[in-house]
**Student:** 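Structure below; questions to follow.
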Amino acid sequence: MDFELAKKRADELTAILNDCIEKYYMGNESDVSDYDYDMMMRELSKLEDEFPELLMPNSPTHRVGGRSDENLFSSVTHSVPMESLQDAFSNNELYDFERRVTTVFPNAEYTVEPKIDGLSCSLEYRDGVLVRASTRGDGLVGEDVTANVRTIRSVPLTLNEKVPFIEVRGEVYMSHESFDELVERQELNDEKPFKNPRNAASGSLRQKDAKVTASRKLDIFIFNIQQIEGGKELNTHYESLKYLSELGFSVVPGFALCKSIDECISKIQNIGDNRGSLPFDIDGAVIKVNDFSQRQTLGSTAKFPKWAVAFKYPPEEKETKLLSVDVQVGRTGVLTPTAVFEPITLAGTTVGRATLNNADFIKEKKIAIGDTIVVRKAGDIIPEVVTVAKHNHENPEYTLPSVCPACNSKTIREEGEAAIRCLNPDCPAQLLRKLIHFCSRDAMDIEGLGDAVLEVLVNEKLISKASDIYHLQAQDIASLDRMGEKSAQNLLTAIENSKHNDLYRVIFALGIRHIGQKAAKLLSKRFNTMDNLLNATLEEVLSIDGFGGVMAKTFTDTLALEGTRELIAKLKAVGVNMENLSKTEDLRFAGQTFVLTGTLSQFTRTEASEIIEKFGGKTSSSVSKKTSVVLAGEDAGSKLRKANELGIKVISEDEFSEMIRN
């Protein structure tokens, strides 16, 4: 390859990889598989070795991890760098590693341990008490996540021995069971679910509210002592892992001492064969020189220790015959196609089903029943169809149904989306999610009708649509598990009170896609009654400032459905308010856009936003030249700095209180 072609390819890889790193470490999401990411990183590294002038300061090959987010957490400078590991993808590369080590230490011993797929974290203890926890960040500077780490039950807050000072390194992860529970909750609440346990663990640990982290059921495995003062004298890594276990840490499981690289390879093979049965994800196995003094002599490069290597398991792919396509309706109405095929063994487990992603994927691959397909499971929980190895030309290409399999309603595909959806509000597949949304705090705000109670009511066939809530009887509720007469009466009172909610809450409670609380308020303000909304044209809805074509069309299409109109009529019949109650002549904030930042002590953000909107103003989540006022609470960060840079008016809570009093 000549220099110009190499430079073009290096620039492409740098842009792609830096974008992946930003999403992976800061957004807790990934668009490419780990294997594809590793292959691109290796290709870029080879180009930089061949053409050293291509090595730029922003090259991802010289980055250990991601940057810290100063808007969420305070920075922690690691006194011992949290290095990354050199990757190996073949036994030959492991033998190369051995040669580099045995050139200096011919009789070196090694440890082998599974490489947990999670978020690397440092824990510091003084006199046996946890004093600080931090993420790896870029290896030199991470984020202080002490409050969040304290919520992880497998983290000992006090050690079994009062070691003067010890810093350990571990991997925060989420088990398959906890991940499944989290995804189910996210789907019920119409949230974007995490793609895999690793992203879920990272997103859960890096939460501003430690209560959210606590609810996510994270775990941690400790795999290294970074530094220690006092305590037991340790000479090897194997000894240190045993000692960590004695101190009360949950140590990386399945670690082994090996005399040679061949023993290491055998252990790695064993870990790989059994990784499908583990209750958590691993993305490889790690070989480390056991002796600490030998490690000291071997040292490190700018990025990697020379005494360790991470073996990455290649994605296992197998061919099988596609027998059928099973289409399921998710709780958000999305039709999800699943391939049903002749069972095969992947990553130690037998699988007979795999995701087909969406209609575009099926069309692109020209998939038909009877095709020989290639299925992959690269450490993820859900296998995926990669491609078609051999087409069965006797059958036509498969297409997703035009009607919902659960309720036979017509499906739609919105502009710019790959997903095909059912919009029927009475679709049984979406019932529980829609009921949870209907009763939520920002919608009808029915206290006591949470996820668990609603699920029981649905299972007992006491509710089949939102309007049924208003026909519940005390005896129906009191007969449920953990409910009594008092609980039943409190719930009936909350249900009765919800009838007097403002119109915008009813609009939001309908759960119409793209219509959030802010859009519901705009609709209520513009049309004032539900009858007016039912008669509104697409052009009239489009005329509302802030409404785009997709929002307006989805809203009018959903209101035109027979099921939606029937539900609204039933809600109206039981006495639910259908008029705008927020009319006001006081428009002191008309034409002004507020941005709220920092921690507010006198108001919640919701309360402050409602006050602003009550007086004719608008709120926005970001600061721009269109912003009129920034309401800044304690610990205001980047939004306050940007407001000052743009010369935008900044007010305190006291000043805001004065503005609304006057």
**Student:** Could you verify whether a donor N or O on one side chain and an acceptor N or O on the other, from Ser175 and Ser178, lie under 3.5 Å apart?
**Tutor:** yes
**Student:** Taking all non-hydrogen atoms of both residues, which atom of His78 and which atom of Ser134 are closest, and how far apart?
**Tutor:** CE1-OG, 3.3 Å
**Student:** Between Gln226, Arg132, Gln227, which is the residue that forms a side-chain contact (heavy atoms from CB on, under 4.5 Å) with Glu124?
**Tutor:** Arg132
**Student:** Taking atom CG of Leu244 and atom CD1 of Ile166, what is their separation to the nearest 0.5 Å?
**Tutor:** 5.5 Å
**Student:** For the residue pair Lys312 and Phe89, what are the closest heavy atoms and their distance?
**Tutor:** CB-CE2, 3.5 Å
**Student:** Report yes if the side chains of Val550 and His514 come closer than 4.5 Å at any heavy-atom pair, otherwise no.
**Tutor:** yes
**Student:** Do Thr619 and Lys518 pair up side chain to side chain, a donor and an acceptor below 3.5 Å, judged on atom types alone?
**Tutor:** yes
**Student:** Think Arg275 forms a cation-pi with Tyr313, using NZ or CZ under 6.0 Å from the six-ring centre and within 45 degrees of its axis?
**Tutor:** yes
**Student:** Judged by atom type as modelled, is there a donor-acceptor pair below 3.5 Å linking the side chain of Asp451 to the main-chain atoms of Ile436?
**Tutor:** no
**Student:** Is a donor from one side chain sitting under 3.5 angstrom from an acceptor on the other, for Asp442 and Ser440?
**Tutor:** no
**Student:** Just by distance, with hydrogens left out, do Ser120 and Arg169 show a side-chain donor and acceptor under 3.5 Å apart?
**Tutor:** yes
**Student:** Just by distance, no angles: are the side chains of Glu83 and Ser300 close enough, under 3.5 Å, to form a donor-acceptor pair?
**Tutor:** yes
**Student:** What is the ring orientation for Phe249 with Tyr125, classed by angle as parallel under 30°, tilted 30 to 60°, or perpendicular over 60°?
**Tutor:** perpendicular
**Student:** Do we see a donor-acceptor contact under 3.5 Å between the side chains of His237 and Glu113?
**Tutor:** yes
**Student:** Hey, are the side chains of Lys318 and Leu346 touching, using non-hydrogen atoms and a 4.5 Å cut-off?
**Tutor:** yes
**Student:** As a quick check of understanding, evaluate side-chain contact (heavy atoms from CB on, under 4.5 Å) for Thr336 and Val327, giving each step before the final call.
**Tutor:** CA-CA 6 Å; Thr336 304; Val327 180; over 6 Å; no
